[in-house]
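Data first, discussion second: the structure below is written as structure tokens.
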Amino acid sequence: MSKPVLLAVDDDPQVLAAVRRDLRSRYRGDYTVMGASSGEEGLATARELKVRGDALAMVISDQRMPGMLGVDLLTRCREVYPLARRVLLTAYADIEAAVRAINEAHLDHYLGKPWDPPEEQLYPVVDDLLDCWQAEVLPEATGLRLIGHQWSPRTHAVKDFLASNLIPYRWLEAGRDPEVEKVLDAAGIASAELPALVFEDGSVLKNPEPRQVAERLGRPLLAAYDLYDLVIVGAGPAGLGAAVYGASEGLRTLLVDRHAPGGQAGTSSRIENYLGFPAGVSGGELTRRAIAQAQRLGAEFVVPIEVTGTSIDAGYKRLTLGDGREVVTRTLLAATGMAYREHPAPGIAEHTGAGVYYGAATTEATACRGQRVLVVGGGNSAGQGAMYLSRHASEVEIVTRRDISETMSRYLVDQIAATENIRLRPGVELERVEGEGRLERVVLRPLDGGTPVAEDVGAVFVFIGTRPRSDWLPAGVLKDERCFVLTGRDLPTSDAYARTWKLPREPLLLETSVPGVFAAGDVRSGAMNRVAAAVGEGSMAVRLVQEDLCLT
Ligand SMILES: Cc1cc2nc3c(=O)[nH]c(=O)nc-3n(C[C@H](O)[C@H](O)[C@H](O)COP(=O)(O)OP(=O)(O)OC[C@H]3O[C@@H](n4cnc5c(N)ncnc54)[C@H](O)[C@@H]3O)c2cc1C
């Protein structure tokens, strides 16, 4: 296969030559650098590359060009190569337009002209964007292949596990992809044994559990030590923030997650409000960076391992894991966040994973191409999910009890209003879902007493709120009436506080009613439910953990 392409586009021959020279000097070993002198030529080049089956990794385009503007070229390139990174080259006077373009056309970055020295102004940005592209792009002919039926919950579980753990794989749909029969014959897999994972060396896992997949991929499922300074349960933003700080402060730190790193934030297609990412950042990308950072600093990470219970033994915290093993730690951080609330409508449980999904289920979005899908819920996560799905489905309908302007942030309401294929259905409730082996139709009931109507849909994505994951904590941990964990100054509001807290000192800010057990992020009563807040609390908890370790 030929090398992936970096495409530079500028109508000024001198600038074009300079971009090509600088890109070649650093990237020619791994990439082919091509140039075009107008937007039209750039687009034609991208289309030719597509026809030839070549990979396009990045387009860097000047903004002011006669004919087609840079932003328009980059927007149209996305239709041809959705994963290619898109960078706008601007003069100082155009920076405002570039920032606007990041919002409107969802560009990845803008670079100011001139970019001297390239070691400081050009290469760090390009390196970073190419890393992201490499992480997302799927191996074509080789690598891990997952074969299964689209509407199988078991297949969905494996897809979700691979994608959430940022493991690239190629999806081959049984009955649709022409290559499937050949691969099944060659690997000796019967149709009843699907889903199956075929590894690069030809070995096969038939109908696997996520745990078996992790084991086969060499992911550690065992903690390396008998005793830790800090065990963090939950690798969402709070847990990841704590892991980075815990490890960098020299604490023996273990991070455990039942599913994958990233938590709720990992399922977000675009986080717009996290500091330092002017173009927004996908949850997957933020997670990839954070887990790499935590592990580089020395935090140990095991996944998929669920913590099912905790007991306190002479001040040590003894955690029981899903497979019956135990881990002992001096301090414990609960960063288990929240889980989606299950929709109670009849038919939902039977069709979960077979047309009904919780959250945006980014793994399933491409299967919605050309279909009509429903998003149920009116919060920000539902809005983000609808925006993401609108790039794949022909029509997205948001089903809500109330008007979304009452429940969603303004910027999302505006984005939705400006998206042609999203339709709002306020004042309606999902009454039941139906289908043979997979979701086929929904019955919607108007809240004004109107007659329920049955409608055909391709998929339903449920976002109807969340509940805390706090049931695995020791009995002495006090919670509020909704089961969120009480910490620090909120503890005295509980009647049980005086009976529970026996130390002469006050609980530390994020400490629970059990000394040495801390809570951060969405699982905590009064949490802000934001990525930045969770990361901040996770980092802050480490400072308090250190204080606790000195006190005991
Ligand atoms: C779709 C979506 C979009 C969002 N977009 C934004 C946004 O744009 N901006 C923003 O600021 N916020 C956003 N949020 C909110 C933000 O993601 C959350 O506030 C944040 O993720 C909370 O982080 P956390 O670490 O506390 O918990 P979580 O993210 O919920 O992570 C908890 C982790 O704990 C693990 N876990 C749970 N129980 C156990 C157990 N018993 N054993 C082991 N592991 C366990 C889970 O698998 C999970 O990985 C969004 C949320 C969603 C769902």
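We count ligands from 1, going down the list as the structure has it; atoms in each ligand are counted the same way. Side chains included, hydrogens not; waters and symmetry mates left out as well; all remaining heavy atoms used.
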With a 4.0 Å cut-off on heavy atoms, is Gly385 in contact with ligand 1? no
Salt bridge check, Arg289 against Asp128: does any charged N sit closer than 4.0 Å to a carboxylate O? yes
Just which atoms of ligand 1 are under 4.0 Å from any heavy atom in Met338? 30 (O)
Using a 3.5 Å cut-off on N or O atoms only, is Ala238 in polar contact with ligand 1? yes
Polar-atom distance check: Thr267 versus ligand 1, any N or O pair below 3.5 Å? no
Regarding atom 53 (C) of ligand 1: of the candidates Tyr340, Tyr358, Tyr411, which has the closest heavy atom? Tyr340
How about Arg252 and Glu300: do any of their side-chain heavy atoms sit closer than 4.5 Å? no
Report yes or no: does a heavy atom of Thr466 sit under 4.0 Å from some atom of ligand 1? no
Measure the spacing between CZ of Arg467 and CG of Asp522 and express it to the nearest 0.5 Å. 13.5 Å
Short N/O distance, under 3.5 Å, between Ser381 and ligand 1? no
Looking at Glu326 and Lys317, does any basic side-chain N land under 4.0 Å from a carboxylate oxygen? no
With heavy-atom distances below 4.0 Å as the criterion, list the atoms of ligand 1 near Ile305. 43 (C)
Counting from 1 in the order shown, the ligand 1 atoms closer than 4.0 Å to a non-hydrogen atom of Ala335 are 32 (C), 33 (C), 34 (O)
Contact region, Arg469 to ligand 1, non-hydrogen atoms below 4.0 Å, reads side chain
Which one of Gln384, Glu537, Met528, Glu272 has a non-hydrogen atom at the shortest distance from atom 7 (C) of ligand 1? Gln384
Could you establish whether Ala260 and ligand 1 come within less than 4.0 Å of each other, counting only heavy atoms on the residue side? yes
CZ-CZ distance between Arg85 and Arg78, expressed to the nearest 0.5 angstrom: 10.0 Å
Does an N or O anywhere in Val531 fall below 3.5 Å from an N or O of ligand 1? yes
Would you say Val307 has any N or O atom under 3.5 Å from an N or O of ligand 1, going by distance alone? yes
For residues 218-262, which residue pairs pass the ring-ring contact (aromatic ring centres under 6.0 Å, His included) check, not counting sequence neighbours? Tyr225-Tyr228
Would you mind running through ligand 1 and noting each atom that sits below 4.0 Å from a heavy atom of Gly521? 26 (O)
For a side-chain contact (heavy atoms from CB on, under 4.5 Å) check, start with the C-alpha distance between Leu129 and Asp108, then their side-chain angles and the critical distance, and finish with the verdict. CA-CA 8 Å; Leu129 292 173; Asp108 294 295; 3.9 Å; yes
From Asp522, Thr287, Asn273 - option closest to atom 22 (C) of ligand 1 by heavy atom: Asp522
Gly359: heavy atom below 4.0 Å from ligand 1, yes or no? no
Between Leu146 and Trp171, what is the shortest heavy-atom contact and its length? O-CE3, 3.4 Å
Give the atom numbers and elements of ligand 1 that come within less than 4.0 Å of a heavy atom of Thr336. 32 (C), 34 (O), 36 (N), 37 (C), 38 (N), 39 (C), 40 (C), 45 (C)
Proximity of Gln264 to ligand 1 by residue part, where a heavy atom lies under 4.0 Å: both
Taking NZ, NE, NH1 and NH2 as the nitrogens, is one of them in Glu455 or Arg372 under 4.0 Å from a carboxylate oxygen of the other? yes
Contacts of His392 that satisfy ring pair (Phe, Tyr, Trp, His ring centres under 6.0 Å) - sequence neighbours left out: Tyr388
I'd like to check whether Pro237 has a polar contact with ligand 1, where a contact means an N/O of the residue lying under 3.5 Å from an N/O of the ligand. yes
Would Arg318 and Asp313 pass as an ion pair if we require N to O under 4.0 Å? yes
Any N or O of Arg258 closer than 3.5 Å to N or O of ligand 1: yes
Does any non-hydrogen side-chain atom of Glu342 lie less than 4.5 Å from one of Tyr358? yes
Before signing off on this row, confirm whether Asp257 and ligand 1 have an N or O atom pair separated by under 3.5 Å. yes
Quick check: does Phe463 get an N/O under 3.5 Å from an N/O on ligand 1? no
Looking at Arg325 and Asp323, is any side-chain nitrogen of the basic one under 4.0 Å from a carboxylate oxygen of the acidic one? yes
I would like to know whether Gln371 and Glu395 meet side chain to side chain donor-acceptor pair (under 3.5 Å); could you show each step before the answer? CA-CA 7 Å; Gln371 300 199 46; Glu395 195 180 350; over 6 Å; no
